[in-house]
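Quick notes on the structure that follows.
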Amino acid sequence: MTDASALPGQPRGGVLSGPATARAVNVLAPNPSAMTLDGTNTWILSEPDSDLAVVVDPGPLDEGHLRHVVDTAERAGKRVALTLLTHGHPDHAEGAARFAELTGTRVRALDPALRLGDEGLAAGNVVRVGGLELRVVPTPGHTADSLCFHLPADRAVLTGDTILGRGTTVVAHPDGRLGDYLDSLRRLRSLTVDDGVHTVLPGHGPVLDDAQGAVEFYLAHRAHRLAQVETAVEDGYRTPAQVVAHVYADVDRSLWPAAELSVRAQMEYLEEHGLI
């Protein structure tokens, strides 16, 4: 068995659902797959002495899961007062409207199409509920509307799909762009260096206790894949499908369609920088 402390980001072992930090509790959605790993992490955030909570990413439109999130908060003496979205992919956001009905909350997101209420989210926003403070960090790349939430009191960051608890994420071309994604990773690295963030609360997979290590791994992985794609094109693999079959030959073929999205984003990046 591999020692978790030796893995990128130092993922925690054990059950994913339950308390992760003093202010964050995870409720795992029942939607496991090759793309969602164990399922979507729905985060309940609250100050320990407050009766108000914020929920980040209600997850899929699964009535049982949505009610379980509400019940989990209520058993802890909390009332859900606000719903936030890291981005609009269905495994994170499809259940948001129904969750808003169950809780009577607004839904705040970067994309206006996902909001319920007048307030959205933007760079520099600080969300405050019941003494809890969350700072909005724009992290486009996986999607154009991707956000992270910095939880200073726990020295943690909720990363949605920008950083996962296991493996790496897809830059979902054409909505996602590699240049934006690399900038977002550098922005997250600055949180670990300048703001003392050490814990990643991801949208999928286990909590990571070495945020800086996770970011550095992602940056190195992207540089390695980009070099592989550049070399493949130089060697005559011209289409994204051809590059995937060559570069991602060791990856489960069921993941090749997603890999092709990333390859398209990488090829676009290389073309923009005059490298292919």
Side-chain angles (χ1 to χ4, degrees), residues 11-12 15-21 23-46 52-76 78-111 113-117 120-121 127 129 132 134 136 139 142-143 145-149 151 156-167 169-170 172 175-176 200-208 258:
R12 290 185 194 173
V15 179
L16 296 182
S17 284
T21 68
R23 293 165 181 79
V25 174
N26 181 30
V27 181
L28 182 64
N31 62 332
S33 72
M35 291 298 293
T36 61
L37 305 181
D38 310 272
T40 300
N41 294 333
T42 295
W43 292 101
I44 302 173
L45 309 175
S46 180
L52 299 178
V54 174
V55 165
V56 176
D57 290 350
L61 184 53
D62 181 296
E63 188 75 9
H65 171 65
L66 300 177
R67 290 186 179 274
H68 184 37
V69 174
V70 175
D71 291 345
T72 300
E74 290 181 347
R75 284 197 301 271
K78 314 285 185 181
R79 177 178 65 82
V80 178
L82 180 64
T83 302
L84 304 177
L85 298 177
T86 61
H87 65 296
H89 279 169
D91 56 313
H92 294 258
E94 186 184 40
R98 174 57 180 153
F99 189 72
E101 290 179 354
L102 292 172
T103 58
T105 60
R106 295 165 295 144
V107 177
R108 295 181 64 182
L110 178 61
D111 185 350
L114 299 170
R115 301 172 189 168
L116 289 175
L121 292 169
V127 177
V129 173
L132 182 80
L134 287 172
V136 177
T139 49
H142 170 67
T143 61
D145 70 329
S146 288
L147 298 171
C148 291
F149 297 103
L151 180 55
V157 61
L158 290 88
T159 54
D161 282 355
T162 299
I163 292 180
L164 306 179
R166 184 170 67 250
T169 198
V170 173
D175 185 38
V200 172
L201 306 176
H204 303 278
V207 171
L208 301 176

Contact between T105 and V55 at the side-chain level, heavy atoms closer than 4.5 Å - yes or no? no
Trace of the side chain to side chain contact (heavy atoms under 4.5 Å, CB included) decision for L134 with L84: CA-CA 11 Å; L134 287 172; L84 304 177; 3.7 Å; yes
Testing T86, L201, T162 for side-chain contact (heavy atoms from CB on, under 4.5 Å) with C148, which one passes? T162
With a 4.5 Å heavy-atom cut-off, do P202 and I163 have their side chains touching? no
Flag side-chain contact, heavy atom, 4.5 Å: L102 against E63: yes
Is the closest side-chain heavy-atom distance between R23 and L45 below 4.5 Å? no
Is R115 reaching over with its side chain to a backbone N or O of A109, donor-acceptor style, under 3.5 angstrom? yes
For a 4.5 angstrom cut-off between non-hydrogen side-chain atoms, does L151 reach L132? yes
Counting only N and O atoms by type, is there a donor-acceptor contact under 3.5 Å from the side chain of N31 to the main-chain atoms of T36? no
Report yes if some heavy atom in the side chain of L52 is under 4.5 Å from a heavy atom in the side chain of S46; otherwise report no. no
Note, D161 side chain near H92 side chain (heavy atom, < 4.5 Å): yes
So CG of L82 and CZ of R79: to nearest 0.5 Å the spacing works out to 10.5 Å
Provide the closest heavy-atom pair for W43 versus A24 in the form atom of the first, atom of the second, distance. CE3-CB, 4.0 Å
In terms of heavy-atom contacts, L16 and N26 come closest through O-ND2, 3.2 Å
Name the residue from T139, D175, T143 that meets the side-chain contact (heavy atoms from CB on, under 4.5 Å) definition with H87. T143
Give the minimum heavy-atom separation between L85 and D57, together with the two atoms involved. CA-OD1, 3.4 Å
Rounded to the nearest 0.5 Å, what's the gap from CD on E101 to CG on L66? Could you check? 10.0 Å
Could you tell me which non-hydrogen atom of R12 sits nearest to which non-hydrogen atom of A20, and how far apart they are? NH1-O, 2.7 Å
Given side chains that start at C-beta, do those of L110 and V136 come closer than 4.5 Å, heavy atoms only? no
Distance (rounded to the nearest 0.5 Å) between H204 NE2 and D38 CG: 10.0 Å
Between P58 and T83 the two heavy atoms that sit nearest each other are CG-CG2, 3.5 Å
Nearest 0.5 angstrom please: R166 CZ to L208 CG, how far? 10.5 Å
Can you measure from CG (L61) to CZ (R98) and round to the nearest 0.5 angstrom? 8.5 Å
Does any N or O in the side chain of T103 come within less than 3.5 Å of the main-chain N or O of V80, such that one atom is a donor and the other an acceptor? no
State the CG-CG distance between D91 and N41, to the nearest 0.5 angstrom. 10.5 Å
In short, A73 meets I44 closest at the heavy-atom pair N-CD1, 4.0 Å
